[in-house]
Amino acid sequence: MSGPAPGAVSGPAPGAVGGPAVAGHQPAAAPGTPPPAGRRLSGGALAGLLLAVLALGLGGFAVWKVFFSEDSGADSPEEAVTELLEAGADQDAVAALRMLNPDEVKGADEVYEALNDRMDDAGMTDDGAVSGTSLTVKDLDVEVEELSEHASKVSLTGGKLQVKVDFDKLPDQFAEQAAVGRDEYGDSFTREFDLAALRDEFGIDEAPFLITVEVDGRWYVSPIATVAEYIALDATGHGGDWAAYEEGLKRKSRTADAPEDVLGVLADSFRLDDLDGFLDALPPGQGNLVRPYLGFVEDAIHEEGLPEMSLDYEPVDVRAGEERDGLARVDLGEARLRLFATESPSAAGEFGVDGLCFYARSSDDPEPDSGCLPEEFSEATGEDSFFVMARKRDGGWQLDPMATLVAWADAAVGNISSDDVMELLDLAG
């Protein structure tokens with residue numbers, strides 16, 4: 001979406017869009033000169049196709065709050081994935097966003113509303129949608145593998161994806177790319193991809209998949225678990241241990257008494273021989289999704305022969321703001337984090353922050369490596385120090401990594417103009 005969240009919508013599509021034409025599937029006729037079979041997309045056409053994917057996320061910016069309505073989620077894993085992809089392809093982002101796990105993306109509404117306003121001001125979108133682009137998913141086939149009682153893997157075994165770009169209707173910012181596309185393909189470009197045939201062509205053994213989780217009786221697609229499962233398969237050849245996910249649902253959370261103490265609780269929970277305990281200090285809807293992969297991390301620790309470590313956190317100048325919707329911002333004006341080997345009284349390493357500057361030193365080299373984030377970062381975000389977000393839970397507080405990312409995005413989006421947005425996209429000037 002990043003994240004963490006739109007990435008799940010467009011996950012299987014970019015690989016199909018960016019690849020060569022499928023043998024035996026001629027592209028649909030378009031005005032002008034149609035591309036021959038087997039020809040790779042290029043120039044303005046490729047830019048236009050990427051715009052279509054971009055439209056899936058932009059379409060829901062102004063209406064993100066609808067995602068958190070009572071009818072979010074689906075009755076089954078296959079329904080969650082099917083509705084997510086079909087709604088995304090139809091640019092019905094409201095329906096698509098309802099299928100994403102709220103524990104991973106909740107709180108992003110203000111960021112996307114602000115970004116949508118700037119995109120509209122720049123003439124990039126109209127009511128959140130990029131004009132001149134469309135995606136259509138047809139005949140989608142899925143297979144469901146139950147990973148545990150509350151998690152399933154949904155594979156996309158078949159279906160067709162049709163991509164269409166009308167170069168005359170693209171936003172003005174894409175005039176150059178549209179001109180290239182018209183020269184190569186005519187007024188518009190249309191192509192249909194068969195997902196199963198694409199797998200055969202590229203020699204992909206396993207069908208694309210998404211991981212879904214059940215939350216309060218409803219099924220959602222989990223971006224975190226999906227990305228983690230792909231990484232695990234690539235690194236080890238097998239997926240995560242989802243029995244560990246079920247065990248995590250039964251564990252008791254570790255919380256701090258005040259927002260400014262969340263990093264201290266996290267540091268106190270850190271032990272290489274008890275990573276489950278460390279995850280207990282994170283929101284369950286995020287930490288539990290990592291538990292199936294702790295075995296891989298523990299194996300790596302064992303192979304490296306790392307000694308038992310502990311963390312010591314020293315808040316020098318740490319301030320918490322007021323609670324808002326169960327969240328509180330914690331400003332790290334100055335703080336230090338020390339890493340100790342359990343059997344040694346001296347610190348093995350130290351990391352500290354002071355404003356937007358930082359340093360790191362190890363016991364082997366007491367001279368610290370230090371630096372500061374560039375001035376442009378402060379200008380882009382309007383911030384002069386690091387901060388994290390704490391979430392209220394069970395009468396206490398926990399560090400919320402996803403809310404922290406959202407808050408930094410909010411700071412950046414709220415501090416830039418629509419002209420800045422276009423420069424970031426390398427489309428202005």
Side-chain angles (χ1 to χ4, degrees), residues 3-4 68 101-111 150 213-218 220 222-225 244-294 297 309-340 351-353 385-411:
F68 300 111
N101 180 16
D103 287 335
E104 298 174 58
V105 297
K106 185 180 293 185
D109 53 311
E110 293 182 6
V111 179
H150 299 95
V213 293
E214 186 182 25
V215 180
D216 295 331
R218 305 290 290 170
Y220 300 89
S222 168
I224 290 177
Y245 176 76
E246 297 296 328
E247 289 298 320
L249 297 177
K250 305 172 186 176
R251 293 177 67 94
K252 183 179 179 180
S253 298
R254 297 184 181 181
T255 60
D257 293 333
E260 56 267 32
D261 297 329
V262 294
L263 285 173
V265 170
L266 202 64
D268 290 342
S269 302
F270 177 78
R271 288 177 53 189
L272 293 182
D273 63 348
D274 184 20
L275 295 178
D276 274 308
F278 179 74
L279 294 181
D280 290 339
L282 296 175
Q286 298 170 37
N288 284 338
L289 295 170
V290 182
R291 293 189 196 277
Y293 311 99
L294 287 186
V297 179
M309 297 285 186
S310 60
L311 290 175
D312 176 58
Y313 168 68
E314 180 184 356
V316 181
D317 179 18
V318 176
R319 302 174 303 278
E322 295 182 0
E323 176 188 346
R324 179 186 174 192
D325 296 330
L327 287 170
R329 169 172 161 153
V330 181
D331 289 290
L332 307 177
E334 185 177 357
R336 302 188 185 100
L337 191 66
R338 298 186 182 90
L339 180 67
F340 290 89
F351 177 82
V353 296
S385 68
F386 293 102
F387 69 84
V388 297
M389 299 300 294
R391 182 175 295 280
K392 197 169 188 177
R393 176 174 174 80
D394 298 334
W397 293 86
Q398 292 181 316
L399 174 70
D400 190 321
M402 300 304 293
T404 299
L405 292 176
V406 168
W408 275 103
D410 185 39

Closest heavy-atom contact between [X] and [Y]?
X	Y	answer
Gln286	Pro401	OE1-CD, 3.3 Å
Trp408	Phe386	CZ2-CA, 3.9 Å
Tyr313	Ala335	CE1-CB, 4.0 Å
Gly277	Ser269	O-CB, 3.7 Å
Pro223	Glu104	CD-OE1, 3.2 Å

Sequence neighbours excluded - salt bridge (Lys or Arg N to Asp or Glu O under 4.0 Å) pairs with any residue from residues 252-262: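 Sorted result for residues 252-262: Arg254-Asp274.
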
Where at least one partner belongs to residues 399-409, residue pairs that pass salt bridge (Lys or Arg N to Asp or Glu O under 4.0 Å), sequence neighbours excluded: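 Salt bridge (Lys or Arg N to Asp or Glu O under 4.0 Å) check on residues 399-409 returns Arg391-Asp400.
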
[Y] and [X], any side-chain heavy atoms less than 4.5 Å apart:
X	Y	answer
Trp397	Val265	no
Leu279	Asn288	no
Pro315	Leu263	no
His150	Leu249	yes
Arg338	Glu314	yes
Val330	Val318	yes
Asn101	Leu289	yes

Working for salt bridge (Lys or Arg N to Asp or Glu O under 4.0 Å), residues Lys392 and Glu323: CA-CA 9 Å; Lys392 197 169 188 177; Glu323 176 188 346; 3.7 Å; yes

Audit row: Asp103, Tyr220, side chain to side chain contact (heavy atoms under 4.5 Å, CB included) steps and yes/no: CA-CA 10 Å; Asp103 287 335; Tyr220 300 89; over 6 Å; no

Side chain to side chain contact (heavy atoms under 4.5 Å, CB included) partners of Asp268, counting only residues at least two apart: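 Side chain to side chain contact (heavy atoms under 4.5 Å, CB included) list for Asp268, sorted by chain: empty.
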
Which distance, rounded to the nearest 0.5 Å, do you find between the [atom1] of [X] and the [atom2] of [Y]?
X	Y	atom1	atom2	answer
Thr404	Arg329	OG1	CZ	10.5 Å
Arg319	Ser385	CZ	OG	6.5 Å
Met389	Gln398	CE	CD	14.5 Å
Leu294	Phe278	CG	CZ	10.5 Å
Ile224	Tyr293	CD1	OH	10.5 Å
Leu311	Leu266	CG	CG	8.5 Å

Trace of the side chain to side chain contact (heavy atoms under 4.5 Å, CB included) decision for Asp280 with Ser253: CA-CA 5 Å; Asp280 290 339; Ser253 298; 5.8 Å; no

Verdict with supporting geometry, Phe270 and Leu272, side chain to side chain contact (heavy atoms under 4.5 Å, CB included): CA-CA 7 Å; Phe270 177 78; Leu272 293 182; 3.6 Å; yes

Check against salt bridge (Lys or Arg N to Asp or Glu O under 4.0 Å), Asp273 and Arg271: CA-CA 5 Å; Asp273 63 348; Arg271 288 177 53 189; 2.8 Å; yes

Candidate pair Leu332 and Phe387, rule side chain to side chain contact (heavy atoms under 4.5 Å, CB included), full reasoning: CA-CA 5 Å; Leu332 307 177; Phe387 69 84; 5.7 Å; no

